[in-house]
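Written out below as structure tokens is the structure these notes cover.
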Amino acid sequence: MAYRHIIRRGFSTFKEGDVVLVRDLSRGGKTTLLGPLTPGRIHGSRIGNLHHADIIGVSSRDRVSTQTNSGSGGQFMIHQPTLEEYILHCTRQCTPIYPKDASTIISMLDITAGDKILEAGTGNAGLTMHLARTGCIVHTVERSKERMVHAKKIVGEFRNGFLLPLVSFHVGVLSETVDEIAQTVESHLFDGVVLDMPMPWTQLPSVYGYLKPDRYAVCYLPSMSQVIDLVRACQRWPLL
């Protein structure tokens, strides 16, 4: 069954609505994320215009020529983007959690397929997609409605939205929405919590009670001063 799936995927062709990675064969392999593929749309480049219609129907690693006023231009090789490539190349409204950091967070959470994860600070949905790809059910909370709409679009455009059924999007402040979210989860408890925000110590006490015993909450912080503030806050609470 798995072998037949691999063969089928290997010989599939790109279709309308897909997002592809195009690699400029004349410029050291520079890559660009392109899509969703739409007949009539054109991607302009320094080596000519690449028509979406010319990509629809081709397979991964096929070469597609651009068009210039004088005829054929250069060539792009077409690829299906990996999750890492997609996150690094997709449009952003904020800095994403990069794949190497997402992998570390997943390892620290010690999660398995089917686990229920609460994430706060959806941002560009990079970590959201990595969590969902493990087979976990992700409940992600974002304060900004604009960012949440963008994040949902990003998740939906990756491989035709196959991760969307594993993600529930919520808008609001975590401490004000966690109780309502927990009511939709079996046992009203989560298998892991991830907080990606500047001051997680303001929200952690509100969500700690919704974490299953002996499970983990991971806070993603970019600076050591924030880490120190979090540690000091945790030392004041009866959490340990």
Side-chain angles (χ1 to χ4, degrees), residues 1-68 72-92 96-100 102-103 106 111-114 117 122 124-138 140 149-169:
M1 180 68 71
Y3 181 75
R4 287 200 299 271
H5 174 72
I6 292 172
I7 294 297
R8 216 170 29 243
R9 178 175 169 183
F11 286 92
S12 63
T13 58
F14 295 112
K15 59 185 182 301
E16 182 177 350
D18 284 345
V19 174
V20 300
L21 193 75
V22 298
R23 181 157 58 94
D24 186 345
L25 297 179
S26 66
R27 196 177 181 182
K30 181 183 178 181
T31 54
T32 303
L33 200 67
L34 191 63
L37 296 178
T38 306
R41 289 185 62 183
I42 299 173
H43 169 69
S45 75
R46 68 178 190 86
I47 58 173
N49 293 325
L50 182 61
H51 293 254
H52 286 211
D54 291 338
I55 301 174
I56 296 172
V58 306
S59 300
S60 294
R61 301 190 65 81
D62 279 354
R63 300 184 180 203
V64 176
S65 298
T66 61
Q67 301 297 320
T68 66
S72 295
Q75 285 191 325
F76 284 94
M77 182 173 285
I78 314 300
H79 304 271
Q80 178 172 253
T82 64
L83 179 56
E84 177 177 358
E85 290 169 334
Y86 182 78
I87 290 171
L88 294 177
H89 286 83
C90 68
T91 56
R92 306 175 182 178
I97 291 182
Y98 291 105
K100 63 180 180 62
S103 297
I106 289 171
I111 53 181
T112 58
I117 306 300
T122 312
N124 220 54
L127 179 60
T128 308
M129 289 190 286
H130 275 282
L131 290 167
R133 194 175 63 169
T134 68
C136 290
I137 309 300
V138 184
T140 185
V149 170
H150 176 72
K152 192 170 185 178
K153 177 176 180 290
I154 292 296
V155 177
E157 289 182 353
F158 179 65
R159 297 188 185 175
N160 305 113
F162 86 103
L163 293 176
L164 276 177
L166 297 173
V167 182
S168 294
F169 297 89

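From a predicted model like this one, the values you see are computed outputs, not experimental measurements.
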Measure the shortest side-chain to side-chain distance between S45 and D24 over non-hydrogen atoms and say whether it is less than 4.5 angstrom. no

Notebook entry, point to check: Below 4.5 Å, heavy atoms only, C-beta onward: do I117 and T134 meet side chain to side chain?
Noted result: no

Evaluation steps, side chain to side chain contact (heavy atoms under 4.5 Å, CB included), between E16 and L37:
CA-CA 5 Å; E16 182 177 350; L37 296 178; 5.5 Å; no

Can you tell if the side chain of L83 reaches within under 4.5 Å of the side chain of P99, non-hydrogen atoms only?
no

Between S59 and S12, the two heavy atoms sitting closest are OG-O, 3.5 Å

Tightest non-hydrogen contact, residues H43 and H52, listed as N-CD2, 4.4 Å

query: Are L21 and L33 side-chain neighbours, meaning at least one heavy-atom pair lies under 4.5 Å?
result: yes

To the nearest 0.5 Å, atom SG of C90 lies from atom NE2 of H150 at 6.0 Å

Of all heavy-atom pairs linking P36 and G17, the shortest is CB-O, 3.5 Å

Rounded to the nearest 0.5 angstrom, the CG-CG distance for D54 and N49 is 10.5 Å

Find out whether Y86 and E157 are in side-chain contact, i.e. whether some heavy atom of one side chain is under 4.5 Å from a heavy atom of the other. yes

Sequence neighbours excluded, the answer for side chain to side chain donor-acceptor pair (under 3.5 Å) partners of R41 is none

_Show, in sequence, the C-alpha distance, side-chain angles and deciding distance for L25 and F76, and conclude whether the side chain to side chain contact (heavy atoms under 4.5 Å, CB included) test is met._
CA-CA 6 Å; L25 297 179; F76 284 94; 6.0 Å; no

Got more than 12 heavy atoms from elsewhere within 6.0 Å of CZ, R63?
no

Between G48 and T68, the two heavy atoms sitting closest are CA-CG2, 3.8 Å

Note: T122 and A151 closest approach over all heavy atoms is CG2-CB, 3.7 Å

Review point. Should N124 and I87 be marked as a side chain to side chain contact (heavy atoms under 4.5 Å, CB included) after you check the CA-CA gap, both sets of side-chain angles, and the distance that decides it?
Key: CA-CA 8 Å; N124 220 54; I87 290 171; 6.0 Å; no

Scanning both residues in full, the closest heavy-atom pair of I47 with S26 reads CG2-OG, 3.6 Å

- prompt: Between K152 and V167, is any pair of side-chain heavy atoms under 4.5 Å apart?
  reply: no

Within-4.5 Å side-chain heavy-atom neighbours: I111 and I106
yes

Rounded to the nearest 0.5 angstrom, the CG-CG distance for L163 and L131 is 10.5 Å

From the list V58, D62, I56, side-chain contact (heavy atoms from CB on, under 4.5 Å) with F14 holds only for V58

*Sub-4.5 Å side-chain heavy-atom contact between L88 and Y98*: yes

Here the gap from K30 atom NZ to R46 atom CZ, rounded to the nearest 0.5 Å, amounts to 8.5 Å

For S60 and H79: C-alpha separation, side-chain torsions, deciding distance, then whether side chain to side chain contact (heavy atoms under 4.5 Å, CB included) applies. CA-CA 5 Å; S60 294; H79 304 271; 5.7 Å; no

So CD1 of I55 and CG of D18: to nearest 0.5 Å the spacing works out to 10.5 Å

When rounded to the nearest 0.5 Å, the distance separating OG1 of T32 from NE2 of H89 is 6.5 Å

